[in-house]
2 protein chains.
Amino acid sequence: MLLKFTDMRGRDLNKVDLVKLNAMELLVRTGFEGFTMNKLAKECKISVATLYIYYKDKDDLILQIGMEEGKRMSDIMLENFDPEVSFEEGLRQQWKNRAKCMLENPVSARFLELLRSSSYQEQIFNCIAGNFKPTLGKFMHNAINRGEINPMSLDVYWSVAFAPLYNLIRFHNEKRSIAGQAFVLTDKVLWETFGLVLKALRK
Amino acid sequence: MLLKFTDMRGRDLNKVDLVKLNAMELLVRTGFEGFTMNKLAKECKISVATLYIYYKDKDDLILQIGMEEGKRMSDIMLENFDPEVSFEEGLRQQWKNRAKCMLENPVSARFLELLRSSSYQEQIFNCIAGNFKPTLGKFMHNAINRGEINPMSLDVYWSVAFAPLYNLIRFHNEKRSIAGQAFVLTDKVLWETFGLVLKALRK
DNA sequence: ATTATAAATGAATAAATATTCATTTATATT
DNA sequence: AATATAAATGAATATTTATTCATTTATAAT
């Protein structure tokens, strides 16, 4: 319970945000192996004790920031999306949103990937999936009912529609590649790949 | 350098293997957050000090086991694969191998996923990608030269051809799903999805 | 200006963890 | 059987890391 007294010193919101940004950055840079409260405080140039004013403990810190960021990112990805538009238009909009969002927020993108492979996975995943499911489910069922795509489960749909995109973005953000040199996701490559995925799903 | 003397006591190979299996299991079960040398020793019912006979330190342990397992798994995935066969036949064989391998070795599969999102990523990934690249590259270029698929980069090919499969296997192994109940990857779903991917890639 | 309140802190403590060490044990060779 | 060698160990030590605490500082209201 958080009692609000009239004359209290306010929490420094810039500092709260600083913690959030540095926490994501440190976790992405060093992995869970290298992430410690003392290091985080040092990165922020604040006292460790302050972290314990904002968060109950280390788990709480990671989980809260993860949930917040998961919500923020999935909200951005659903912006301007109308599940009633045609299949091709809708899928294109979703690719546009997701690519933009993850390329503009590479740290957040890698941070959420990291949480997906951790003991925090379950809670984060449920939160994000729950945010997507209604809109995404409605969109897919509209497309099936209109005869634009064949019936399939939401899991299969998600895997075919988005896993290739997420993989390309991951290669791009990690400057990695199956071949030698670093992979760069250009607009050209993005929309050519979109074409392939569209062909896979459309009747 | 490992000098071999004539009369030395041999290392207990069962014990070495026990360490490997328990290390993967513990890492998968508790994440990097929960993985400690003392816990690992306890799980194996051996002394911690023994771990330091087998491995230089914790990093070395994780990295060596990761490399070994990456090599072992990618070798299994390349079994019975001839890059000269037709595109459809080759891709089908690869899906068969990968699905079989990851469904039969769920712990290894999750272990390698975990490493992919860690500071060990670079070395492991290079090792695995290096193992796949020659055969996979040759296969893709054969398909392009024969006019079975359109030209594309190896990264795009990999993303469209395999990312959906890996995602379904991940959902399956983690008993997770976008919809409510746990997702189960049946043969039917596997080969229907294969059909979609084949349609995406084939001219 | 004074006061009340919570924010923020630096330094400490407590707990967990990696790593080492002095011995003991098993085994291959003589 | 005796011996030499490395394996294996249990109990420490050293280091790192999470968490707390006694004070100080800033701010909103009077």
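Each chain gets a letter, A, B and so on, in the order the sequences are listed, and its residues count up from 1.
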Value in whole Å for how far the [atom2] atom of [N] lies from [atom1] of [X]:
| X | N | atom1 | atom2 | result |
| --- | --- | --- | --- | --- |
| B:Lys42 | D:dT9 | NZ | C1' | 15 Å |
| A:Asp57 | C:dA16 | CG | P | 13 Å |
| A:Leu40 | D:dT16 | CG | P | 19 Å |
| B:Asp60 | C:dA18 | CG | C1' | 14 Å |
| B:Leu13 | D:dA6 | CG | P | 17 Å |
| B:Glu33 | C:dA16 | CD | C1' | 15 Å |
| B:Asn14 | D:dA7 | CG | P | 16 Å |
| A:Tyr52 | D:dA22 | OH | P | 18 Å |

Check every atom of [options] against the side chain of [X] and return the nucleotide holding the closest atom.
| X | options | value |
| --- | --- | --- |
| A:Ile53 | C:dT9, C:dA26, C:dT19 | C:dT9 |
| B:Asn38 | C:dA18, C:dA8, C:dT9 | C:dA18 |
| A:Ile46 | C:dT17, C:dA8, C:dT9 | C:dT9 |
| B:Ala49 | D:dG10, D:dT19, C:dA8 | D:dG10 |
| B:Thr50 | D:dT9, C:dA8, C:dT25 | D:dT9 |
| A:Lys58 | C:dT19, C:dA18, D:dA18 | D:dA18 |
| A:Ser47 | C:dG10, C:dT19, D:dT19 | C:dG10 |

Checklist entry - With distance as the sole criterion, do the side chain of B:Arg9 and the base of D:dA6 form a donor-acceptor contact below 3.5 Å? => result no
Checklist entry - Cationic tip of A:Arg116 within the cone over A:Tyr166's six-membered ring, i.e. under 6.0 Å and within 45° of the normal? => result no
Next on the checklist: A quick test of your reading: do over 12 heavy atoms of other residues, nucleotides or ligands sit less than 6.0 Å from NZ of A:Lys96?
Outcome noted: no
Next on the checklist: Taking atom NZ as the centre, does B:Lys199 end up with more than 12 heavy-atom neighbours from other residues, nucleotides or ligands that are less than 6.0 angstrom away?
Outcome noted: yes
Checklist outcome for this item: Per nearest nucleotide of DNA chain C, the residue lying toward the 5' end, B:Lys56 or A:Asp12, is A:Asp12
Checklist entry - Do A:Leu168 and A:Leu190 have side-chain heavy atoms sitting under 4.5 Å apart? => result no
Item to check | Under-4.0 Å side-chain N/O to phosphate OP1/OP2 contact, B:Lys15 with D:dT9 | outcome: yes
Checklist entry - Reckon B:Lys39 touches a base, only the sugar-phosphate, or nothing at all at heavy-atom distances under 4.0 Å? => result nothing
Checklist entry - Which part of the nucleic acid, if any, lies within reach of B:Tyr54 when heavy atoms closer than 4.0 Å are counted: base, sugar-phosphate only, or nothing? => result sugar-phosphate
Checklist entry - So among A:Val156, A:Val197, A:Ile149, A:Asn150, which one has a side-chain contact (heavy atoms from CB on, under 4.5 Å) with B:Leu196? => result A:Val156
